[in-house]
Structures are given as structure tokens and as C-alpha cells.
Amino acid sequence: MKVATTEKAFLLVGGIALVGCMLALTWGTLAMGIHLPGRVAEVDPQTVRATPPFDRPGVRQVGPNRYEAVVIGQAWAFIPSEIRVPVGAEVTFIGTTADVIHGFHIETTRVNMMLIPGQVSRTTYRFERPGEYALICHEYCGLGHHTMFGKVIAE
């Protein structure tokens, strides 16, 4: 009799955990606007540096209070390694790599992309508070992986 009660308790706890996870995913997607950055375009890894917009990495204004930050990941650096954006502006990060898979994560934000050779990744974020945000590679990319970092400065 006790075994059946224990099994029912575990099933109940498991069911509650599943429902909680589904609610968290729904809340994150609908209420907070968190979504996976998609594959928006392709680029030849051999000619990345000659292909627009990657022929001019950096930040540029594309509209009123709207900016694009074009980034290339390479072993073991981000180009550019420092990105300066205005506080409150909508920033679209556009990134790729020509060598191996890299991660693109800005600490304390929801900006998190994979930089995959041949693919262009894109995500948008608005920095509401001024400060310096660490930019890190979260995918192991070789012996110098631990030295691959940069920063985003919202001013």
C-alpha cells in the first residue's frame, strides 16, 4: 500500500514540474519576447570578409534610435571586440564566422547566438541601463577559447 502512495506522489510531483516548465516557456516566449535567433541568410565562409555587411564590421545607425552591430567571430576573437551603443536604442546584432562554431553571449542579457560557418545569425536587443556588458564565446572553439571575449558598452 505504501509503494502505491509513493509512486502517486512522484507522478504528482513530476506532473507539476512539467506543467511549471511549460508555463515558464510560454511566459518567456509570449510575455518576455524571448525566442531563438534564426538562420536568416547564408554566406560563403571563404569570402565572409568581402561580403556585405561583414566587409565592414562594427556599429552603424540604420534609423531613428535603431542600430546594427555586425560581428565576425574567429579563433579566438570577436571583430570588433568592443561595441558601443546608445542606451535605449534598438540594436540588431548580425553575426557569422568563417572558421569554426562560436558562441555569442552578452552577459546579463538575453542575447545568445550561435555563430556557424556559412550561416548569418541575427537577434535584436535594447539596452535599458548604461554599463559595460561582457561578450563571451560559449562554445568551445579550440585551445584559445578561454581568451575569446569582448564587451558591449551602453552609454
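For reference, positions follow the sequence shown, starting with 1. This structure is a prediction, so every number in the text was calculated from the model and none was measured. Values reported hereafter were calculated over all heavy atoms of this structure, with side chains retained and with hydrogens, waters and symmetry mates removed.
- Note that CD of Gln46 is 11.0 Å distant from OG1 of Thr51, once rounded to the nearest 0.5 Å.
- Contacts of Asp55 classified as side chain to side chain contact (heavy atoms under 4.5 Å, CB included), with partners at least two apart in sequence or in another chain: Pro52.
- Distance check, rounded to the nearest 0.5 Å: OG1 of Thr92 to OH of Tyr125 gives 13.5 Å.
- With sequence neighbours excluded, the residues that form a side chain to side chain contact (heavy atoms under 4.5 Å, CB included) with Pro86 are Tyr67, Ala89.
- At least one side-chain heavy atom of Met148 sits under 4.5 Å from a side-chain heavy atom of Phe78.
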Report all side-chain donor-acceptor pairs from residues 128-139 shorter than 3.5 Å, counting only partners two or more places apart or in another chain.
| residue | atom | partner | partner atom | Å |
| --- | --- | --- | --- | --- |
| Tyr133 | OH | Arg129 | O | 2.8 |
| His138 | NE2 | Asn112 | OD1 | 2.7 |
| His138 | NE2 | Met113 | O | 3.4 |

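- Sparse packing is recorded around CZ of Arg56, with 12 or fewer heavy atoms of other residues, nucleotides or ligands lying under 6.0 Å away.
- Here the closest non-hydrogen pair linking Thr109 and His105 is O-CE1, 4.0 Å.
- Separation of atoms OG1 (Thr123) and CD1 (Ile106) is listed at 9.0 Å; rounding is to 0.5 Å.
- Annotation: Leu143, atom CG; neighbour count of heavy atoms from other residues, nucleotides and ligands within 6.0 Å does not exceed 12.
- Distance CD1/Ile72 to CD1/Ile94: 11.5 Å, rounded to 0.5 Å.
- The closest side-chain heavy-atom distance from Arg66 to Gln61 is not below 4.5 Å.
- From Arg122, atom CZ reaches atom CD of Glu68 across 6.5 Å, with rounding to the nearest 0.5 Å.
- Once rounded to the nearest 0.5 Å, the distance linking CZ of Phe104 with OG of Ser121 reads 10.0 Å.
- For Tyr140, the ring-ring contact (aromatic ring centres under 6.0 Å, His included) partners two or more places apart in sequence, or in a different chain, are His145.
- Ala69 pairs by the side chain to side chain contact (heavy atoms under 4.5 Å, CB included) definition with Val59, Ile83, Val91, Phe93, not counting sequence neighbours.
- At distances below 3.5 Å, at least one donor-acceptor pair connects side-chain atoms of Trp76 with backbone N or O atoms of Cys141.
- By the 4.5 Å heavy-atom criterion applied to side chains, Val87 and Phe127 are not counted as neighbours.
- Under the 4.5 Å side-chain heavy-atom criterion for grouping Ile, Leu, Val, Met, Phe, Trp and Tyr, Phe149 is not connected to Val85 through any hydrophobic cluster.
- Nearest heavy-atom pair, Pro117 versus Asp99, reported as atom, atom and distance to 0.1 Å: CG-O, 3.5 Å.
- With sequence neighbours excluded, the residues that form a side chain to side chain contact (heavy atoms under 4.5 Å, CB included) with Thr96 are Val43, Val48, Phe54.
- Closest heavy-atom contact between Pro57 and Pro80: CB-CD, 4.0 Å.
- Taking 4.5 Å as the limit, some side-chain heavy atom of Glu90 sits within range of a side-chain heavy atom of Thr124.
- In this structure, Ile79 and Val71 have side chains that are not in contact, with every pair of non-hydrogen atoms separated by 4.5 Å or more.
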